[in-house]
Amino acid sequence: MAVSGRQTGRPTLEEVAARAGVGRGTVSRVINGSPKVSEQAKAAVERAVAELGYVPNRAARALAGSRTDAVALVIPETEARLFAEPYFLDIIRGVSAELAAADKQLLLTLIRSEQERQRFEQYLAAQRVDGVLLVSVHGDDPLPDQVRALGLPAVLNGRRTEAERVAFVDSDNTGAGRTAVAHLAARGRQRIATVTGPLDMYVARCRLDGYREGLAEAGLTPDETLVANGDFTEEGGRRAMRELLDRRPDLDAVFAASDVMAAGARSVLREAGRRVPEDVALVGVDDSAVARLMDPPLTSVRQPIEEMGRTMARMLLEEIASPGDADDQPRRMLPTELVVRASS
């Protein structure tokens, strides 16, 4: 892009990379003063930056040796859901502990509308944080890519798709569904239903895939009348459980894709006069306080939620300190385990 024929708008990191003949990550390392780049690449990037007039605020700050020392944790949910679900609180606990140890400030941001999303993007463009952590991201959410386009490091809790391009920390969600069904089948249950999460989220699709794999491994025939969609909320669990009982009153087990939905399902089973576990066995996911406090206590697939938060924060801090290649983002998959209690 020659100066005489420059397009309107600020040059992008990708344009600098293309002009210099290097990867986007190499450009990030050069403008952030990282030593992990050859002198030849550094010279090419600096020449491209000068030719294109690319002088982002973030680069100026980094080259001056200063940062905001603040990290944004973004949760696109309402306050009601944030405080109703132990999952989010455990993530926040893990993230805040790791950031506090690194003497970084945590900015908790809830995004509940398109207007709030746009306002947050403007906040990021002003370079007021050094990186972004994102939780509960749906498949069509453009925010992670927009964060990266601004030159800011980002780490996701979970993934949007199997081919996620942004750094993420996830747990073995397919294994969670498979383990839950194997446990129920081993207890002699034959008509195992599931309450899914919202299927525009990759985590929910993975748990549903695991449920189906578990049925196949147990020699049970899949039956779509035993599948009802939920939304990871207690009310969603109630609605789905009513739907399942209407369609399949003969069901003898339920795998709910979260403890909170399992709690909703439990209340509907009780209203319908179904005993847990005698008539219907019940298994959830998360092994949260909800599972331990239910009556009877809930069998649940534990995922290390607080450790996921810590790992996300560590990965982001590493990326802030030494930016990597945008095409080679770190990925972490943490294991899950079944915790058996009286509900199954």
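Reckoned from all heavy atoms, side chains included, excluding hydrogens, waters and symmetry mates. Just so we're clear, the structure is a prediction, and the values are computed from it rather than from any experiment.
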Next item on the list: Go through Glu318 and Arg314 one step at a time and tell me if the salt bridge (Lys or Arg N to Asp or Glu O under 4.0 Å) criterion holds.
Entry: CA-CA 6 Å; Glu318 289 168 4; Arg314 284 196 296 268; 5.9 Å; no
_Hydrophobic clustering (ILVMFWY, side-chain heavy atoms < 4.5 Å, transitive) - are Val137 and Val203 grouped together?_
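No, no single cluster joins them.
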So which heavy atom on Arg292 is nearest to which on Asp287, and how close?
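Shortest heavy-atom contact: NH1-O, 3.3 Å.
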* Hey, could you give me each pair passing side-chain hydrogen bond (donor to acceptor under 3.5 Å, both in side chains) that has a residue in residues 248-262? Not counting sequence neighbours. =>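 Of all non-adjacent pairs touching residues 248-262, those that pass side-chain hydrogen bond (donor to acceptor under 3.5 Å, both in side chains) are Asp223-Arg248, Thr225-Arg248, Arg248-Asp250, Asp259-Ser288, Asp259-Ser300.
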Straight-line distance of Glu213 CD to Arg178 CZ, nearest 0.5 Å =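 Reported value, rounded in 0.5 Å steps: 5.0 Å.
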**Asked** If you take all heavy atoms of Ala262 and Gly284, which pair is closest and at what distance?
**Response**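 Heavy atoms only, the tightest pair is CB-CA, 4.3 Å.
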Test log, rule side chain to side chain contact (heavy atoms under 4.5 Å, CB included), inputs Met201 and Ser136: CA-CA 8 Å; Met201 297 184 73; Ser136 192; 3.9 Å; yes
Pairwise side-chain contact, Glu217 with Val181, heavy-atom cut-off 4.5 Å (strictly under)
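A side-chain contact is absent here, since even the closest heavy-atom pair is not under 4.5 Å.
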Is there a salt bridge (Lys or Arg N to Asp or Glu O under 4.0 Å) between Arg148 and Asp145 once you walk through the steps?
CA-CA 5 Å; Arg148 295 294 297 176; Asp145 296 318; over 6 Å; no
Handout entry: 4.5 Å side-chain heavy-atom contact, Ser267 and Met294
Key =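 A side-chain contact under 4.5 Å is absent here.
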Would you say Tyr202 and Phe88 are hydrophobically clustered, going by side-chain heavy atoms of ILVMFWY under 4.5 Å?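 No, it is not one cluster - the side chains of Tyr202 and Phe88 are not joined through contacts under 4.5 Å.
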Go through it in stages, so that I can follow the logic: the residues are Lys104 and Glu98, the test is salt bridge (Lys or Arg N to Asp or Glu O under 4.0 Å), and I'd like the CA-CA distance, side-chain angles, deciding distance and then a yes or no. CA-CA 9 Å; Lys104 302 291 183 183; Glu98 203 67 29; over 6 Å; no
Indicate yes or no for a side-chain donor-acceptor contact from Arg274 to the backbone of Pro249 under 3.5 Å, with no hydrogens or angles considered.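 Between the backbone of Pro249 and the side chain of Arg274 there is a qualifying donor-acceptor contact (under 3.5 Å).
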Report task. Test Val254 against Val195 for side chain to side chain contact (heavy atoms under 4.5 Å, CB included), laying out the working first. Result -> CA-CA 7 Å; Val254 177; Val195 176; 4.1 Å; yes
For the pair Glu121 and Arg117, find out whether any cationic side-chain nitrogen is under 4.0 Å from an anionic carboxylate oxygen.
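No salt bridge links Glu121 with Arg117.
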If you apply the rule side chain to side chain contact (heavy atoms under 4.5 Å, CB included), what do you find for Leu226 with Ile192, and how did you get there?
CA-CA 7 Å; Leu226 288 168; Ile192 304 172; 6.0 Å; no
(message) Nearest 0.5 angstrom please: Asp246 CG to Met241 CE, how far?
(response)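 CE of Met241 is found 9.5 Å from CG of Asp246.
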For this session: Report yes if some heavy atom in the side chain of Ile91 is under 4.5 Å from a heavy atom in the side chain of Leu89; otherwise report no.
Result: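 Ile91 vs Leu89: side chains apart.
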Would you call Ser344 and His183 a side-chain contact if the rule is heavy atoms closer than 4.5 Å?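 Contact flag for Ser344/His183 side chains = yes.
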Whether Ser171 side chain and Pro335 backbone form a donor-acceptor pair below 3.5 Å
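Flag not set: sc Ser171 to bb Pro335 has no pair under 3.5 Å.
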Heavy-atom closest contact (Gln303 atom, Tyr87 atom, distance):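 Answer, listing the atom of Gln303 first, then Tyr87: NE2-CE1, 3.4 Å.
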Item to complete: Locate the shortest heavy-atom distance separating Asn157 from Met312; write the atom from each residue and the value.
Response: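 Closest approach of Asn157 to Met312, heavy atoms only: CB-SD, 3.4 Å.
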- [ ] Please answer: with hydrophobic residues joined when any side-chain heavy atoms are less than 4.5 Å apart, are Val301 and Met308 in the same cluster?
- [x]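 Different hydrophobic clusters.
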More than 12 heavy atoms from other groups under 6.0 Å of CD on Glu116:
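Buried by this count: over 12 neighbours within 6.0 Å.
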Worksheet entry | Contacts of Glu164 that satisfy side chain to side chain contact (heavy atoms under 4.5 Å, CB included) - sequence neighbours left out |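 Expected list: Leu156, Arg159, Arg160, Val166, Phe168.
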Problem - Closest non-hydrogen atom pair between Ala154 and Leu134, with its separation - result: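 The pair with the smallest heavy-atom distance is CB-CD1, 4.2 Å.
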- Answer yes or no: is there a side-chain heavy-atom contact under 4.5 Å between Glu243 and Asn229?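 With C-beta onward as the side chain, the pair stays apart.
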Q.
To check you understand the geometry: which heavy-atom pair defines the closest contact between Asp200 and Arg205, and what is its length?
A.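 Closest approach of Asp200 to Arg205: C-NH1, 3.7 Å.
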Worksheet item: Under the 3.5 angstrom rule, does the side chain of Arg212 hit a backbone N or O of Gly177 as a donor-acceptor pair?
Response: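 Checked: no pair found.
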I need the Leu133 CG to Thr109 OG1 distance, nearest 0.5 Å.
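Answer rounded to 0.5 Å: 10.5 Å.
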Next item on the list: First locate atom CD1 of Ile75, then atom CD of Glu77, and finally report the distance between them rounded to the nearest 0.5 Å.
Entry: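 The CD atom of Glu77 is 8.0 Å from CD1 of Ile75, to the nearest 0.5 Å.
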Exercise for review: List the steps and the verdict of side-chain hydrogen bond (donor to acceptor under 3.5 Å, both in side chains) for Thr336 and Asp172.
Suggested key: CA-CA 6 Å; Thr336 57; Asp172 182 8; 4.7 Å; no
Q.
My understanding is that only one of Arg341, Arg266, Arg275 makes a side-chain contact (heavy atoms from CB on, under 4.5 Å) with Pro296; could you say which?
A.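 Output: one option passes, namely Arg266.
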Same cluster or not: Leu208 versus Leu282, using hydrophobic residues (I, L, V, M, F, W, Y) connected whenever any side-chain heavy atoms lie under 4.5 Å apart?
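They do share one cluster, since a chain of ILVMFWY contacts under 4.5 Å joins Leu208 to Leu282.
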Glu307 vs Thr311 side-chain heavy atoms within contact, under 4.5 Å: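 Counting from C-beta outward, Glu307 and Thr311 do come under 4.5 Å.
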Tell me, yes or no, whether the heavy-atom count around Gln115 atom CD, taken from other residues, nucleotides or ligands under 6.0 Å, exceeds 12.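 Check fails, neighbour count at 12 or below.
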| said: Could you measure the distance from the CG atom of Asp140 to the OG1 atom of Thr161? Nearest 0.5 Å is fine. | reply: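 Going from CG on Asp140 over to OG1 on Thr161, the span is 12.0 Å.
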Looking at Gln40, I'd like to know if its CD atom is crowded, meaning that more than 12 non-hydrogen atoms belonging to other residues, nucleotides or ligands lie closer than 6.0 Å.
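Counting other residues, nucleotides and ligands, CD of Gln40 stays at 12 neighbours or fewer.
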For Arg310 and Gly94, indicate whether the former's side chain and the latter's backbone hold a donor-acceptor pair under 3.5 Å.
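Judged by distance alone, no pair lies under 3.5 Å.
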Answer whether the closest heavy-atom distance between the side chains of Val71 and Ile320 falls below 4.5 Å.
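Of all side-chain heavy-atom pairs linking Ile320 with Val71, at least one is under 4.5 Å.
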Subject >> Hydrophobic cluster identity match, Val290 and Leu269, side-chain contacts under 4.5 Å >> reply: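 Hydrophobic grouping puts Val290 with Leu269.
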Do Asp286 and Glu85 have side chains that approach each other closer than 4.5 Å (heavy atoms only, starting at C-beta)?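 When only atoms from C-beta onward are counted, Glu85 and Asp286 do not touch, as no gap falls below 4.5 Å.
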Evaluate Leu220 against Gln190 for side chain to side chain contact (heavy atoms under 4.5 Å, CB included), listing each step before the verdict. CA-CA 7 Å; Leu220 298 174; Gln190 297 289 310; 3.5 Å; yes
